[in-house]
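The structure under discussion appears below in the form of structure tokens.
The analysis underlying the following values was restricted to heavy atoms, covering all of them including side chains, and did not include hydrogens, waters or symmetry mates. Just so we're clear, the structure is a prediction, and the values are computed from it rather than from any experiment. Throughout, a chain's letter reflects where its sequence line sits, starting with A, and its residues are numbered from 1.
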Number of protein chains: 2
Amino acid sequence: MATIHDVAARAGVSPATVSRFLRGQRVRSAEAVQAAVDELGFLPNIAAQSLKSGRTRTIGVVVPDITNPYFAAVVKGMESVSRDHGYRLLLANSDESGAREADLLADMARQVDGIILAPATEHEQTPLQLRDSGIPVVFIDRDLADGESFDAVLVDNRAGGRLAAEHLLALGHTRIAMISGGQESTPGRYRRDGFLEAVSAAGVEIPPELDLIGDFREERAYQLTLSLLSLAAPPTAIFTANNLTTLGALKALHDMRVDVPGQISLIGFDDLDTGPLLRPPLTVVDRPMTEQGVLAMRLLLHRFDDSQTRDLPRRIVMDIKIVERASTAPPGPQSPEPHR
Amino acid sequence: MATIHDVAARAGVSPATVSRFLRGQRVRSAEAVQAAVDELGFLPNIAAQSLKSGRTRTIGVVVPDITNPYFAAVVKGMESVSRDHGYRLLLANSDESGAREADLLADMARQVDGIILAPATEHEQTPLQLRDSGIPVVFIDRDLADGESFDAVLVDNRAGGRLAAEHLLALGHTRIAMISGGQESTPGRYRRDGFLEAVSAAGVEIPPELDLIGDFREERAYQLTLSLLSLAAPPTAIFTANNLTTLGALKALHDMRVDVPGQISLIGFDDLDTGPLLRPPLTVVDRPMTEQGVLAMRLLLHRFDDSQTRDLPRRIVMDIKIVERASTAPPGPQSPEPHR
DNA sequence: CACATCACTGAAATCGTTGTCAGAGAATGA
DNA sequence: TCATTCTCTGACAACGATTTCAGTGATGTG
């Protein structure tokens, strides 16, 4: 509760001198001031500092869901670099809702120096307003439809979708299902686009009943997988658009006692900590996680002090690769029995 | 960038009137003010509000590691409640380091209204100082050695340890290993205490080479499990102290091609999203996660407005239970071959 | 010795908001 | 009609820090 005035009084100097001492300037009464600070346990009032300086040393982070291991890892990466630079993290979940996200951003606008955002949909208006009002915004994982003018750390989702498709095609699958994420987000759309591209390039056709649109969540993927199994002619392979979707699909396959990959192969997008320990060990399209957070935070911090590059957006696209484990195999002789 | 003065000027009233309007008081020029607010896109400067009011409407949350699914779920629960009450979340990871935690708390002290903390060790001083300086602190998951005077949301870790031990004993195991967490934290200590209590109550002895102290992290658990397997007489069952530890142990068992539960049974503490999908599906001691976060946040918010109960600490101890899946079984005839 | 230079200092203004206070009109009652 | 309430108003002073500005005294130079 001690203020800079209390410290000044105790040290017998003016508040201005204490302030100067605290920010490292040379001061005649250094020892006395230091002593007063220690004795009173003085800590500066951040609100007052922010008000005066116009900088909060706080970064706003908005992700769809912190319990998604991908975003947890990303946030961890961000925090490790932000702390080293004296910045704090204000965290919020958008729950994949554009409306909630808009609220969050509006709320953050006046209390953070910059924002890192995984936009819920690719048609958000708020980031544009934010940038217009002078708050740097960096996208992570997801982009706006016309986001090329923003800083961003992304992966080539289209290539990821292609990779998954080519892997399954190479194994000999032709009846392949995909459970996509929401098509209003760039990863949802591009992963599907890449997948469909590669498949049709190979002359394979995906009928509508195998081209399912989910929402990146486990529950919906579970239901959609069930619907796939109830088909007269179920697929011999499934590609799921993210880690949660993969889990939902795998749970449904387990519950229905489908042998993976004997009856159906499964390839997911995004690895899991437990990926190698699952039944079966998962084949996935993998990408850096923590490192994406690190890079996004660096990008943002650059914006703060680097006035040269102020105008050119920096867009980092990270490498993506396939981790082959045991959930994919050539299509087996016995296709799964349809359930009603 | 618009301030309350700009709004006032545009609406032809004084800043005081705008302020009153914004906080819901009746004002003659309501429509004009509202119009000015809309046209200028006015958002209040939080720093100025905090400075004046002394309240930041921000909650500090310090957890050891947000990538631990348990803490991710807890934080999610907290956020859902805090947002409904207009509070924001400042998040930081202590990385299980008491020193780092102290830094974080000192930094937060002047910029949050309250703190929710999973203390890295049970001997922290900082929470006491914080409370003395008037900042409410709620513990989650972990406690201080003498923390009875703090609000807290906990589980009965001792009972959890006992439950695990009794489960293994009932299956007929007598050569049981435990991989504990750090003994400087209450969960680390109590889970082990409960385990040892139950085991010795059954007349079974745990030799030192089976009573291993880890650090709640995956890597260390992996190493300790390997050391267990290299014993002349390896255990027939292992109890691991948290989710990460369980993963480490399971990875080691897989890598060494040990059949679970054929050769060694494994029971963990804390469930995982992927628990049912693992090889084998994990038997675990389970407890509420998101709900603990919800309750902790409610406790903290109570402290803010509920002046009656200001003095009585509220301590919530949540139920804990065993989820039996397939990673535990009676000890088999073939004990694992020792590795060098 | 006079004067310029230097290193440091405190008073005061400021950031944007809220709360206090005295006062201005309008509404009520006698 | 006048007095009394009542509701709403703007001026102004905070909140706690930083920064500018005009010193002040000590040191260096001719």
Side-chain angles (χ1 to χ4, degrees), chain A residues 1-37 40-58 86 88 106-113 133-135 304, chain B residues 1-37 40-58 86 88 106-113 133-135 304:
Chain A
M1 286 303 186
T3 76
I4 203 170
H5 283 89
D6 303 331
V7 175
R10 186 172 192 110
V13 296
S14 74
T17 299
V18 178
S19 172
R20 281 189 274 255
F21 168 77
L22 290 172
R23 57 198 43 260
Q25 292 183 33
R26 194 158 39 189
V27 147
R28 271 200 266 277
S29 44
E31 320 79 40
V33 175
Q34 180 65 61
V37 166
L40 295 172
F42 170 77
L43 290 172
N45 181 315
I46 310 278
Q49 286 185 322
S50 301
L51 176 57
K52 190 66 178 73
S53 67
R55 316 186 66 230
T56 61
R57 301 199 77 80
T58 301
R88 296 165 278 269
D107 180 57
M108 284 183 171
R110 284 300 283 256
Q111 63 187 314
V112 300
D113 293 344
S133 70
I135 300 174
F304 293 159
Chain B
M1 286 301 187
T3 75
I4 205 171
H5 283 91
D6 304 331
V7 175
R10 188 173 192 111
V13 297
S14 75
T17 297
V18 177
S19 173
R20 280 188 277 256
F21 169 76
L22 290 172
R23 56 199 46 261
Q25 290 183 33
R26 196 158 36 189
V27 147
R28 270 200 265 278
S29 45
E31 318 79 41
V33 176
Q34 180 65 62
V37 166
L40 296 171
F42 170 76
L43 290 172
N45 181 317
I46 310 279
Q49 286 183 323
S50 301
L51 176 58
K52 191 67 179 74
S53 67
R55 318 188 65 230
T56 61
R57 300 198 76 82
T58 301
R88 296 166 276 270
D107 180 56
M108 284 183 171
R110 285 298 286 255
Q111 62 187 314
V112 300
D113 293 343
S133 70
I135 299 175
F304 292 160

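- Using a 4.5 Å cut-off on side-chain heavy atoms (C-beta onward), B:L22 and B:P44 make no contact.
- A donor-acceptor pair shorter than 3.5 Å can be found between the side chains of B:Q111 and A:R88.
- When heavy atoms are screened at a 4.0 angstrom cut-off, B:R26 is found touching the sugar-phosphate backbone but no base atom.
- The two residues B:G86 and B:R57 come nearest to each other via the heavy atoms O-NE, 3.3 Å.
- Residues A:F21 and A:V27 approach most closely at N-CG2, 4.0 Å, considering heavy atoms.
- Taking atom CD1 on A:I46 and atom C1' on D:dT18, their separation rounds to 14 Å, with Å as the unit.
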Detail all sub-3.5 Å separations between protein N/O atoms and N/O atoms belonging to nucleotides 12-17 of chain D.
from: D:dG16; atom 1: N2; to: A:A48; atom 2: O; distance (Å): 3.4
from: D:dA17; atom 1: OP1; to: A:N45; atom 2: N; distance (Å): 3.1
from: D:dA17; atom 1: OP2; to: A:I4; atom 2: N; distance (Å): 2.3

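- Smallest separation of non-hydrogen atoms from B:P15 and B:I4: O-CD1, 3.8 Å.
- A pairwise comparison of heavy atoms in A:A47 and B:S50 identifies CB-CB, 3.7 Å as the closest pair.
- Of the inter-residue distances, the one linking B:S19 atom OG with B:Q25 atom CD reads 8.0 Å to the nearest 0.5 angstrom.
- Judged purely by atom type and a 3.5 angstrom limit, A:R110 uses its side chain to pair as donor or acceptor with the backbone of B:L43.
- Checking each of B:D113, B:V112, B:I46 against B:T58 for a side-chain contact (heavy atoms from CB on, under 4.5 Å) leaves exactly one that passes, namely B:V112.
- Atom CZ in A:R20 sits roughly 13 Å away from atom P in D:dC21 (whole-Å rounding).
- Heavy atoms only, all atoms of each residue included: B:A36 and B:A11 are closest at CB-CB, 4.0 Å.
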Could you list, one pair per line, each protein nitrogen or oxygen that sits under 3.5 Å from a nitrogen or oxygen of nucleotides 22-27 of chain D, together with the distance?
none

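- Between A:R55 atom CZ and D:dT19 atom C1' there is a gap of 16 Å when expressed in whole angstrom units.
- Of all nucleotides in DNA chain C, those with any atom nearer than 4.0 Å to a heavy atom of chain B start and finish, going 5' to 3', at C:dG16 to C:dT20.
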